[in-house]
Amino acid sequence: MPFQPLVQEPEIQRRWLESGAFRAKRASELLPGSKTFYMLVMLPYPSGRIHMGHVRNYTLGDVTARFRRMRGYEVMHPLGWDSFGLPAENAAIKHGIHPAIWTRKNIEEMKGQIQKMGISYDWEREIASFQDDYYRWNQWLFLKMWEAGDVFRAMRTVNWCEELGTVLANEQVVDGKDERTGHPVVQKPLEQYFFKTTKYADELLACLDGLDWPDNVKTMQRYWIGRSEGARLAFDLEDGQRVEVFTTRLDTLFGVTFMALSTEHPVIEKAAQSDPSLKAFCDQVARVSHEERLTSDVKLGHRTAISALHPFTGEKVPVFAANYVLMDYGTGAVMGVPAHDERDHEFALKYGLPIPKVIEAESAWDLGTLVNSGEFTGLRSEDAVAAMIAKLGDRAEKTTTYKLKDWGLSRQRYWGTPIPTVHCDSCGVVPEKAENLPVRLPEDVAFTGHGPSPLTTSSSFLDTKCPSCGRPAHRETDTMDTFVDSSWYWLRYLDPKNAQLPFAKTESDAWMPVDLYVGGIEHATMHLIYARFFYKVLRDLGLASGPEPFQKLICQGMVLKDGSKMSKSKGNIVDPDEVISKYGADALRLFMIFAAPIEKEIDWTGFEGIEGASRFLKRITRMVEDHANAGGGDRLFADAHDVPPAPPHAVSGQSPAPASVTAEPLPAKNQLAPEEKALLIKLNQTIARLTDDLERRYQFNTVVSGLMELSNALADLPADAPHRGAVMQQALDAFVRLMSPVAPHLAEQLWSQLDRPGLCMQATWPEADPAFLEADEVTVVVQVNGKVRGRISVPAAAPEEARRAAALACPEAQAHLAGKEIVKVVVPAGGKLVSIVVK
RNA sequence: GCCGGUGUGGCGAAAUGGCAGACGCGACGGACUCAAAAUCCGUUUCCCCCUAAAGGAGUGUCGGUUCGAGUCCGACCACCGGCACCA
């Protein structure tokens, strides 16, 4: 049977599905002591079509899942849909199609595409976050977190568009305007719900050390969490108010010449009420868009009428409102020490403030020895901090702050999980009762793109009773950030039908932690912090065990076209479907895995690479066919005379093969011809190498080159090798299993052509035979002064002393040794090399 | 600016401190063919050389450690990514 992927692949996919070979076991079905492997890919957004990034991601996961199954692991390999969020709501506004219908259609289409790839997902565990049997558990977990005190309400500014009467996401705001309508957008505070992520800041930081994650992701998370040790210090204002600052350099306290407060600081806001010019300044700062704030670092300040008093000297210190002080970091106020802080320095120069030096150090921003600091003069910075805190009494204390913020989860949107709370005139904000879940999204809403969230227009949704006092009340209309959906979805896969709990602990204990998580680097901070946070919360609620959800993480590189990201607007999309309908899924999978290491970008420059992949698959198919036509290997009753004549031997280029059928199994090692032995050694070395690549190194591209090398070795076996049939049968049998994770469809076809029973994907991964890992004679490289001068062949068993002697005796080395004094001879472990040092 | 990553043939890349360029793509030459496609065989880092043998150089640059460095250490350069007034 030739290589006909377009015909064969759908048929083979049907056999897989019918056999249930992708199904993962429930905890109760797992035999005691069985090894489990949880292979997870990041939850995709159902945009409508899969792209090459998905193909890369899912192929990699599938290779791992299939490999682990063959290695005897119980494998969990599920997929679902991150199916709430803005695009569906935008489609509703634009095309008048309900988000649910749009979403369902997209999921169906993408699922079909993914199934054509032959990815071994257990579709019985498929989940979609927009369905109420999923999002009810978001609500349930929200209530649990509410009870545990991990949820609170507070004000936070949002992008508010007055004309539309609606809140916009950051990505919808361009140049301070709504990207769709161009209406102006302002910052407006709104009361919102928050998860207390900062409660776990220290643990999130500490646990990073134990994770097998890429260093750059760990670094990004450390930076994101941004732990910073310093001190909190209270300054008295002249009018009796107090302002707290956070500083990492309390030792520079005597260098304070001003205070800078955020324009949103309560003291400034209060002062602005009676100071029109201050008010104007604050408004001006507030108008600057988020974008501009990121790109411009011009420091602006406004001198207020207020002065603060220096805690030690009692001197008056002017108080400024400044654009470079952030309200949501530290206390929203800093003490300005221009001599020893770069930003304060710039500010002081601009506003003509004194810059007294109080630290003697190598550079102005370093720690050092205090000068001009009253009784603290002469102390080292570190000691001065402790001494000052002691002296300042309850005005100061050591504290730690974090850049990590609490997670604002409110969205003023329709297409999300309704937050399960109720507003009651007498009881305030009250959580819904767990037995009333799910709080479903109503259908009777209009999508206009303006005005408040569509939820506020649905009376069937809005009107309810207070869970506490029973009087009429109205529902919360905020929905949850979609990051909530993706913060625990991998646990729902483990128990997707559970109607009592989000998932049973027995299931999570059986499968967690995830052994390999693969996804894009763009999720390095947000998603991967939120998910880790949720897992810690779940642990503390007694729902899951273990500190961390994802033991190993791989971040795949992007798939580019002509050096830039594929996108609809650039019109440079390569549709996976097109490739599959021309070359088949196996060729695409093989190419994707082979093209580059997984973490690097790959540029889809053309179809040459995939042509090569396809050629390789054809070659190996032909080899199996030729072998089968020659009578196969181990058919014990085959009669050489009945076997059809072998076709001209296209592969090796040798003369036509005699029907090299053998009735015997593989002969003993010492009966084999040298080329046969060499092939079997290559085979076993390849088995060892690929196993290591897949199991320990997680290096996938070399798996494909290993397969190619082995196929070249197979093609080189002479047609008249005495035990050709038996050797080829042995080698092809293993080869087909080795290729099965990467090119699973063709592997199944070849497996049956080799007359092997059952599905190749359920066969056992080959084991390397130690007897065939090393040739009888091995090559030893001879170096003289670090340069390779010769190669010698020695028996594999030769001891170090013999290797050394043989190396010294070899003529090429001799030529470089003549007339020199041998200083040293090094034979490293393994004995593959002898290094001679001469003078 | 800070943090991280990457730098190896014409291209994608391999080399787990021990033979640099495996494997593939492309290119060139050849076989098969009336011809083409497909397939197969061969060549393909640079210098020297008719060729080969034998040399020499070579993994962004400069230094270091080591018997031995693409790999480890230090400084620098270039590119890519992330973050960014974090007190």
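A note on names: the letters A, B, ... follow the listed sequences, proteins ahead of strands, and every chain is numbered from 1. Keep in mind it's a predicted model, so treat the numbers as computed, not measured.
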| message | Applying the side-chain hydrogen bond (donor to acceptor under 3.5 Å, both in side chains) criterion to A:Ser381, which one of A:Asp366, A:Asp251, A:Thr252 satisfies it? | response | A:Asp251
| Span that lies between the C1' atom of B:rC32 and that of B:rC40, in whole angstrom | 8 Å
| Pairing partner of B:rA27 (Watson-Crick or G-U wobble, both distances under 3.5 Å) | B:rU43
| message | Is the positively charged end of A:Lys403 above the ring of A:Tyr223, judged by distance under 6.0 angstrom from the centroid and angle within 45° of the axis? | response | yes
| request: Rounded to whole angstrom, note down the C1' distance from B:rG70 over to B:rC48. | output: 26 Å
| message | Counting C-beta onward and ignoring hydrogens, is there a side-chain heavy-atom pair between A:Pro354 and A:Thr257 closer than 4.5 Å? | response | yes
| query | Using a distance-only test with no angle check, is there a side-chain donor-acceptor pair under 3.5 angstrom linking A:Glu346 and A:Tyr324? | reply | no
| request: Select base, sugar-phosphate, or nothing to describe what A:Gly226 touches, counting heavy atoms under 4.0 Å on all strands. | output: nothing
| Minimum-distance nucleotide (side-chain atoms of A:Phe594 versus B:rA15, B:rA13, B:rG24) | B:rG24
Please report, to 0.1 Å, the donor-acceptor pairs under 3.5 Å made by any side chain of residues 781-791 of chain A, with sequence neighbours excluded.
from: A:Asn785; atom 1: OD1; to: A:Val838; atom 2: N; distance (Å): 3.0
from: A:Asn785; atom 1: ND2; to: A:Val838; atom 2: O; distance (Å): 3.4
from: A:Arg789; atom 1: NE; to: A:His816; atom 2: NE2; distance (Å): 3.4
from: A:Arg789; atom 1: NH1; to: A:His816; atom 2: NE2; distance (Å): 3.3

| message | Assess the residue pair A:Phe347 and A:Phe258 against the criterion (ring-ring contact (aromatic ring centres under 6.0 Å, His included)); give the C-alpha distance rounded to whole Å, side-chain angles, the decisive distance to 0.1 Å, and a yes or no. | response | CA-CA 10 Å; A:Phe347 190 81; A:Phe258 66 97; 5.1 Å; yes
| field | Euclidean distance for P, B:rG21 against B:rA75 (whole angstrom) | value | 32 Å
| field | A:Thr702, nearest nucleotide to its side chain (from B:rC23, B:rA14, B:rG26) | value | B:rA14
| Among B:rG4, B:rG24, B:rG18, which is the nearest nucleotide to the side chain of A:Asn216? | B:rG4
| said: If I pick the P atom on B:rC47 and the same atom on B:rA35, what distance separates them, to the nearest angstrom? | reply: 36 Å
| message | Can you see if the side chain of A:Lys618 gets near the phosphate of B:rA38 - specifically, an N or O under 4.0 Å from OP1 or OP2? | response | no
| field | Nearest-nucleotide 5' precedence on RNA chain B, A:Ala333 against A:Glu812 | value | A:Glu812
| note | Mate of B:rG81 across any strand shown (Watson-Crick or G-U wobble, both atom pairs under 3.5 Å) is B:rC3
| Which nucleotide, B:rC23, B:rA87, B:rC40, lies nearest any side-chain atom of A:Arg622? | B:rC40
| message | Just N and O in the side chain of A:Tyr329: are any of them under 4.0 Å from OP1 or OP2 of B:rA87? | response | yes
| How many Å lie between OH on A:Tyr223 and P on B:rC83, as a whole number? | 11 Å
| task | Taking only the side-chain nitrogens and oxygens of A:Gln699, find out if one of them lies under 4.0 Å from OP1 or OP2 of B:rA15. | result | yes
| field | Contact under 4.0 Å: A:Ser705 side-chain N or O vs B:rA13 OP1/OP2 | value | no
| request: Taking only the side-chain nitrogens and oxygens of A:Arg615, find out if one of them lies under 4.0 Å from OP1 or OP2 of B:rC25. | output: yes
| request: Give a yes/no answer on whether the side chain of A:Lys824 brings an N or O atom under 4.0 Å of OP1 or OP2 in B:rC67. | output: yes
| task | Quick one: label A:Lys403 by what it contacts on the DNA or RNA (base, sugar-phosphate, nothing), any heavy atom closer than 4.0 Å. | result | base
| note | Per atom distances to the A:Thr247 side chain, the nearest of B:rA87, B:rG55, B:rC80 is B:rA87
| Of all the choices, B:rC83, B:rG55, B:rC67, which nucleotide is nearest to the side chain of A:Arg789 once you look at every atom? | B:rG55
| message | I'd like the C1' distance from B:rU59 over to B:rG17, given in whole Å. | response | 15 Å
| said: Consider side-chain hydrogen bond (donor to acceptor under 3.5 Å, both in side chains). Of A:Thr198, A:Asp202, A:Thr197, which one does A:Tyr402 pass it with? | reply: A:Asp202
| message | Is there a side-chain contact between A:Asn701 and the phosphate of B:rA14, meaning an N or O under 4.0 Å from OP1 or OP2? | response | yes
| P-based separation of B:rG74 from B:rA57 [nearest Å] | 28 Å
| What integer number of Å spans the C1' atoms of B:rG63 and B:rA13? | 29 Å
| message | Assess whether a salt bridge exists between A:Glu709 and A:Arg689, defined as any Lys/Arg side-chain N lying under 4.0 Å from an Asp/Glu carboxylate O. | response | yes
| query | Nearest to the side chain of A:Val788, which nucleotide is it out of B:rG55, B:rG18, B:rC19? | reply | B:rC19
| request: Name the nucleic acid region contacted by A:Pro597, choosing base, sugar-phosphate or nothing; use a 4.0 angstrom heavy-atom cut-off, strictly under. | output: sugar-phosphate
| query | CD1 of A:Ile593 versus P of B:rG24: gap in Å, rounded? | reply | 18 Å
| message | Does the structure show a Watson-Crick or G-U wobble partner for B:rU61, both distances under 3.5 Å? Name it, or say none. | response | B:rA75
| To the side chain of A:Leu326, which of B:rA22, B:rC25, B:rA87 is closest? | B:rA87
| query | Donor-acceptor pair, A:His527 side chain versus A:Phe483 backbone, under 3.5 Å? | reply | no
| note | Picking from B:rG12, B:rA87, B:rG18, the nucleotide nearest the side-chain atoms of A:Ala596 would be B:rG12
| said: Any residue in residues 686-698 of chain A with a heavy atom nearer than 4.0 angstrom to RNA chain B? Just list them by number, or reply none. | reply: A:Asp692, A:Arg696, A:Arg697
| said: If I pick the C1' atom on B:rU61 and the same atom on B:rC11, what distance separates them, to the nearest angstrom? | reply: 24 Å
| Sub-4.5 Å side-chain heavy-atom contact between A:Arg619 and A:Phe3 | no
| field | Nearest to side-chain heavy atoms of A:Asn712, which nucleotide of B:rC23, B:rC83, B:rG82 | value | B:rC23
| task | Using a heavy-atom cut-off of under 4.0 Å over every strand shown, decide if A:His345 touches base, sugar-phosphate, or nothing. | result | nothing
